[in-house]
Amino acid sequence: VHAGAGFLTIIDDCLQHFWRVGHLEVMSGEATGVGAEVAPSPQAFDVFYREQWAKMVRLAWMMTGSREVAEDLVQDAFVQVGTKWASVQKPHAYLRVTVTNAVRTHARRERRQRSLPDERVQPVLPGELDETWHLLDRLPDRQRQALVLRFYADLPFTEVAEALRCRVGTAQSLVHRGLARMKEFAER
Amino acid sequence: MNDQLEPTVERLRHTFQAVADQVPDAPPVFRALFVAAAPTDDTSDEEMVVDIQRARRDGTSRRRWVVAAAAVVAVVVLIAGIVLLQGTGDDHVRSKPAAPGPVPTTATPPTTTPPATDPAAYVAVADSFMDAWVAGDGNRVVEIIGMARVAALAGQPNQVALGGWELLDVAALPAVHDWFRALGWEFRREPCRVVAHAWPEIPDSATFACRYTYENDLTRAVGRAPVPGKFVFNVVDDKVARFNGGMFHLDADIWQLFSDWLRSEHPDDFAAMYYPTAPPAPRLDQASIALWDRHVEEFVNSPEAHTPAPGPPTRAQFGAKARMICATVALETQPYGWVFTPEMLARTSQSVMEQLRALPRPTEDAAEIDQLFSLLEEINSRVVLDTWFHQIDHLIAEKDALGGRDFWGCPVELGG
């Protein structure tokens, strides 16, 4: 199994790790100016965690559709932020970008494992909203993420684009196409 | 915004709000285990040690578990790398015959806040486990593994993940050590590190990463340097509760060399010595172990069996060597607590690519490999230079098309 056509992925997988981890690092420099002299205290991190945990879980839940996954991703995101706490200048923005990036990484991995059974715990919602929630599952990952960032997090398109690492025009297109699809699904 | 889409937007907003209302504002628990920070003056060896405490939500929740709390404090431990390097000195124990060796010091992060459970107790368990392992005392290893915890966590009774065996029954661990002895396995352990990535199912635990190297009759016969590996396990109370002992490289080129020789010289014994898995994992019954003992000795005493044929390597040999490079680098860059700087990323990527490029290549795949390497280097450099992912999506797609992704990943999945 290791000697066939897939042998090149040995190298591929080897470097995926570096790309993924390194990508976060690159983002951190971009979003926060890591290395600045501002040094929040551990106590401030405690407060920050208490303030932001639920907000981030909600955001990630809506983007992933899974609360369990959302909590895990947010947990990891707090670890990322915590390890840089002394040098993070804009912790809120950094955390949001970190969570979004984790969601995107998760989505990429999920696409490779679509055959796994869906054991997600679903929210309890009234009929029409429940239908909308399930329609979101039918959207491509990036469209779903864009809708959540735009209409749940109320971010302007510039920040949606920053979180999704795309151009503003692409973010607008993702939102528009996502909405159009949602409407189309609902009318079927 | 298109007016026709406004109702959809409204419905989406209501849905999002209704879902958001189901997440309580406050995290269920917040408790710090380790609170300390120390600067480093050398990024080349910097290592983050993070402890996270996760706890169970109260019984009113509909869900079984939630991630409860994170207390995160970075402890940049420059000395960790140094301690690891120093730990390889005298703690050298040969599996054939087994004998206990000196106990290295296990590295633990400094604490300024008392943890819920004394970390020294966890450390003692981890050290006992590793001592038993390198001493070849399989029965002691089993004693230290908490069967009930393992059963509960694995979802299958008494199974642990170990090297090429995928999931292995805990009761088979003494036989594993018998098999080690038959092949003259020799472990050197290094100090364990608390990496502390507590699993959500185990709120009061410590996670250890314990590195080792091994050699055995096969590695010695072909002149291979000791092979690095790492155990990762959780300690709860006085037992090991989850254990992943990957990295035996049973699929690496050296094993392939032996299994090819065995198939050729003793085809009738092959099935008695290996499970029909991919890669093939050794059978651990007494008859199999006796065959291993005999045939490995014969292999070692047959220089022509383990002297590479002249000429370029086969695809399998190239793949195995590339895997070994990746796996070795992965040990140095495990996601447990590692945080890359762009400089570290660049340095590591360059090192991997240099090693990969230095490998002799199979003739028929040389062009394809060149193409892949070029893509890898371009993607690497763009990532290091802060290129947005969407700008390199086409490169990634091109790279994926070359390799496919039906593979046991090299470093990514190791250790979870």
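Naming convention: chains lettered A, B, ... in sequence-line order (proteins, then strands); numbering from 1 in each chain. From a predicted model like this one, the values you see are computed outputs, not experimental measurements. Both backbone and side-chain heavy atoms feed into the values below; hydrogens, waters and symmetry mates do not.
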Need one label for [X]: side chain, backbone, both or neither, based on atoms under 4.5 Å from any heavy atom in chain B.
X: A:Leu147; result: both
X: A:Asp130; result: neither
X: A:Val74; result: neither

About how many Å separate [atom2] of [Y] and [atom1] of [X], when rounded to the nearest 0.5 Å?
X: A:Arg150; Y: A:His176; atom1: CZ; atom2: NE2; result: 14.0 Å
X: A:Lys90; Y: A:Leu95; atom1: NZ; atom2: CG; result: 14.5 Å
X: B:Thr8; Y: A:Phe185; atom1: OG1; atom2: CZ; result: 12.0 Å

Worksheet item: Do B:Arg13 and A:Phe151 meet the cation-pi criteria used here (NZ or CZ under 6.0 Å from the six-membered ring centre, within 45° of the axis)?
Response: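 Geometry flag: not set, cation outside 6.0 Å or 45°.
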